[in-house]
Amino acid sequence: MRAQPLPDFVTADADLAGRTTLALPGRAAYLAEISSSRQLRQLAGSLPPRRFVLGGGSNVVLSGDFDGLLLHMAIAGRELVGEDAEAWYVRAGAGENWHRLVLWTLANGWPGLENLALIPGTVGAAPIQNIGAYGLEIADRFLSLEAFDMDRGTSLQLAHAACRFAYRDSVFKQQGWHLDARRVVTSVTFRLPKEWQALTAYADLAAELDRRQLSRPDARQVADAVIAVRRRKLPDPAMLPNAGSFFQNPVVSAEVGERLRRSCPDLPCYAQPDGRLKIAAGWLIEQSGWKGRNLGRVGMYERQALVLVNRGSALGTEVMALARAVQDAVRQRFAVELTPEPVIL
Ligand code: EPU
């Protein structure tokens with residue numbers, strides 16, 4: 001970074017303990033606490049080559065120390081910015097907690113985000129990997145976002161089409177903007193249609209609503225059911241550090257899908273609009289013998305094999321060793337490649 005002194009919101013040699021939900025140790029050469037776009041503008045002219053944007057830390061693996069600048073996004077604010085006959089429009093700052101935003105919209109009577117309740121992380125991180133759960137993706141409720149272009153030192157707006165959303169993917173990942181913080185999301189605006197219908201087709205969610213004898217649930221009841229399912233299957237990072245699904249569900253060609261289905265008729269898979277097949281990585285990992293199995297201080301969770309957990313004071317290198325062991329096992333057994341979902345720093 002430029003010669004001293006550093007702006008007062010930048011710390012040198014910052015401890016990253018407690019900054020990521022996998023609870024891995026590490027230090028950053030610089031850590032900036034960003035609570036407004038103005039601070040991004042201030043930094044734009046003096047950036048080191050290595051940068052990364054940190055939200056809630058729920059989708060990163062610290063493989064060691066980070067020899068660059070981490071931008072911790074803390075831009076706050078949630079507001080109803082518009083309403084017409086069709087929808088409510090809600091804008092939230094990138095640093096807002098995702099789950100609290102979902103609860104706040106529901107409390108205000110604006111349904112639409114309920115299936116995404118309890119997803120860890122921040123609003124600014126949500127569009128980067130197009131977070132999704134229980135039959136809904138953020139792309140389905142997205143209007144636009146504001147980002148800051150760190151090279152040009154200017155703000156820009158990206159509408160839905162420009163974000164090029166796909167399964168766990170967006171233009172940020174496609175262009176690598178998320179890796180070197182070239183474009184940093186500062187706020188996101190959601191479109192919540194007034195014509196609302198509960199999305200209850202996802203098997204786990206349908207079963208939970210059945211159990212609660214709710215045949216016509218309202219949005220809050222859907223959120224409660226989603227929360228219950230997630231609590232049952234996914235470990236709370238505060239109790240057992242983890243980064244949610246550690247691998248993406250592989251999307252394979254129709255031919256590969258056919259081959260797999262012939263040899264494993266039980267393989268859970270979902271047809272994609274383009275004819276390809278999304279297959280359940282958790283199932284592949286379980287069948288490869290890794291569900292509930294540990295390697296040193298890390299392991300694959302016993303109730304959801306797709307979740308890698310830190311069972312106590314593990315290092316990033318141990319996480320990566322387990323990830324490789326699981327990838328090798330699945331490759332050997334099924335000839336399918338697993339891609340980590342979190343960013344490896
Ligand atoms: N399965 C197994 N064994 C396992 C885990 C899953 O056989 O250990 C099978 C299940 O029985 C089911 C299928 O795999 O038939 C899918 O499992 P599940 O419904 O638990 O969902 P997932 O595909 O493993 C995805 C998301 C989750 C999201 C859930 C619910 C990805 C990478 N993960 O998991 O997202 O909560 O669907 O919609 O797409 C996250 O991204 O961090 C995350 C938790």
Side-chain angles (χ1 to χ4, degrees), residues 20-22 55-61 98-99 102 113-122 125-140 165-170 173 199-209 222-223 225-237 240-252 260-261 264-272 276-293 299-309 323 326-327 329-330 333-334 336-343:
T20 64
T21 61
L22 263 167
S58 55
N59 209 43
V60 286
V61 179
W98 173 262
H99 179 59
V102 173
L113 298 177
E114 56 282 350
N115 291 46
L116 305 179
L118 214 60
I119 294 184
T122 53
I128 309 293
Q129 58 152 340
N130 185 19
I131 59 169
Y134 307 104
L136 186 76
E137 292 181 335
I138 196 187
D140 302 321
F165 291 119
Y167 167 63
R168 291 296 194 273
D169 199 23
S170 74
K173 288 174 77 173
L199 290 175
T200 59
Y202 199 92
D204 276 349
L205 178 57
E208 180 63 29
L209 289 165
V222 172
V226 165
I227 290 169
V229 174
R230 290 189 76 98
R231 290 223 164 105
R232 206 160 47 230
K233 289 195 114 178
L234 300 168
D236 177 353
L240 186 58
N242 71 88
S245 299
F246 195 85
F247 298 102
Q248 296 178 19
N249 285 328
V251 180
V252 299
L260 284 166
R261 276 220 286 212
C264 341
D266 302 339
L267 170 70
C269 50
Y270 319 91
Q272 299 299 287
R276 293 186 300 162
L277 216 58
K278 186 160 86 182
I279 57 182
W283 188 92
L284 299 174
I285 296 169
E286 179 171 354
Q287 298 301 313
S288 305
W290 276 98
K291 188 171 189 168
R293 187 167 155 198
M300 303 311 293
Y301 190 51
E302 44 281 10
R303 276 183 266 163
Q304 214 319 358
L306 196 46
V307 178
L308 187 155
V309 293
V326 170
Q327 284 171 313
V330 168
R333 175 91 196 265
F334 298 102
V336 170
E337 209 50 50
L338 291 183
T339 307
E341 191 177 271
V343 172

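Residues: numbered from 1 along the sequence shown. Atoms within each ligand, like the ligands themselves, are counted from 1 in listed order.
Protein heavy atom at the shortest distance from atom 43 (C) of ligand 1 is S245 OG, 3.0 Å. In terms of protein heavy atoms, atom 36 (O) of ligand 1 is closest to R230 NH1, 3.4 Å. Residue, atom and distance of the protein heavy atom nearest to atom 39 (O) of ligand 1 are Y167 OH, 2.7 Å. Looking from atom 9 (C) of ligand 1 to the surrounding protein, the closest heavy atom is P268 CG, 4.1 Å. Given atom 19 (O) of ligand 1, the protein heavy atom at minimum distance is Y202 OH, 2.6 Å.
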Let me see the working for E341 and N59 under side-chain contact (heavy atoms from CB on, under 4.5 Å), right down to the final yes or no.
CA-CA 7 Å; E341 191 177 271; N59 209 43; 3.9 Å; yes
Going through the checks in order, is the side-chain contact (heavy atoms from CB on, under 4.5 Å) test met by Q248 and D169?
CA-CA 10 Å; Q248 296 178 19; D169 199 23; over 6 Å; no
Would you check, one step at a time, whether the test salt bridge (charged side-chain N to carboxylate O under 4.0 Å, His left out) holds for R293 with E302?
CA-CA 8 Å; R293 187 167 155 198; E302 44 281 10; over 6 Å; no
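Here's the thing with Y270: none of its N/O atoms is less than 3.5 angstrom from an N/O atom of ligand 1. When only interatomic distances are considered, the shortest N/O to N/O separation between R303 and ligand 1 does not fall below 3.5 Å. In terms of polar-atom proximity, defined here as any N/O pair under 3.5 Å, A305 does make such a contact with ligand 1.
The distance from ligand 1 to the heavy atoms of N249 drops below 4.0 Å at these ligand atoms: 23 (O), 31 (C), 32 (C), 39 (O). Each of the atoms 13 (C), 14 (O) of ligand 1 lies under 4.0 Å from some heavy atom of A280.
For atom 35 (O) of ligand 1, the nearest non-hydrogen atom from the set M300, K278, R168 comes from R168. Of the candidates E341, Q304, E286, it is Q304 that places a heavy atom closest to atom 20 (O) of ligand 1.
Ion pairing between a basic and an acidic side chain is recognised when a charged N comes within 4.0 Å of a carboxylate O; R232 and E208 show such pairing. Salt bridge annotation for R231-D236: absent, with no cationic side-chain nitrogen under 4.0 angstrom from a carboxylate oxygen.
Contacts between A133 and ligand 1 below 4.0 angstrom, taking non-hydrogen atoms only, involve backbone and side chain alike.
With hydrogens and angles disregarded, no donor-acceptor distance shorter than 3.5 Å links the side chain of E137 to the backbone of G135.
Distances from atom 11 (O) of ligand 1 to the protein include no heavy-atom value under 4.0 Å.
In this structure, K278 is positioned above the aromatic face of Y167, its NZ or CZ under 6.0 Å from the six-membered ring centre and within 45° of the axis.
Looking at every heavy atom in both residues, R230 comes nearest to A117 through CD-O, 3.3 Å.
For the atom pair SG of C269 and CG of N249, the computed distance is 11.0 Å after rounding to the nearest 0.5 Å.
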